[in-house]
Amino acid sequence: MLVALLTFGLGAFVAGYHLNKVISNKTVIVNEANQVCGRLVCDLKLSTMIWHALMWTVITVITFGLGALVYIYSIERLVRNHSRLELTS
């Protein structure tokens, strides 16, 4: 909420990307013995987030708000597409 107020609402579009990115970066993979054997790493860049948010803003305006219903799912898809599994030895 504070980010949205300080950036006049524009930060709210990018906040969803960062929240999903943090969740991905903190996800670890454990084996049967509860030992960490890998983790997810998200390489999503700010420029990609801004471009994606601008594109979906235009889609939302063109569709009179209906695009916003799909926007949250597209954020999740983008973050997952930029994530990779990093195995530890």
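Basis for what follows: all heavy atoms, side chains included, without hydrogens, waters or symmetry-related copies.
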Heavy-atom distance under 4.5 Å between the side chains of [X] and [Y], does that happen here?
X     : Y     : value
Leu46 : His18 : yes
Leu44 : Met49 : yes
Ile62 : Ile59 : no
Leu40 : Arg84 : no

Okay, side chain of [X], backbone of [Y]: is any donor-acceptor separation there less than 3.5 Å?
X     : Y     : value
Lys21 : Val79 : no
His52 : Thr48 : no
Ser24 : Asn20 : yes

Practice task
Count the heavy atoms of every other residue, nucleotide or ligand shown that sit under 6.0 Å from CD1 of Ile72, and state whether that count exceeds 12.
Solution key: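 At most 12 heavy atoms, drawn from other residues, nucleotides or ligands, come within 6.0 Å of this atom.
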Problem - Non-hydrogen atoms of Val36 and Thr88 that approach each other most closely - result: O-OG1, 3.4 Å
Give a yes or no on whether [X] and [Y] share a hydrophobic cluster (residues Ile, Leu, Val, Met, Phe, Trp, Tyr; joining criterion: side-chain heavy atoms under 4.5 Å apart).
X     : Y     : value
Tyr17 : Trp51 : no
Val41 : Leu78 : no
Met55 : Val61 : no

Problem - Gap between atom CG of Asp43 and atom NZ of Lys45 - 0.5 Å precision - result: 6.0 Å
Exercise for the section: Name the orientation class of the two ring planes belonging to Trp56 and Tyr71 (parallel below 30°, tilted from 30 to 60°, perpendicular beyond 60°). Expected result: tilted
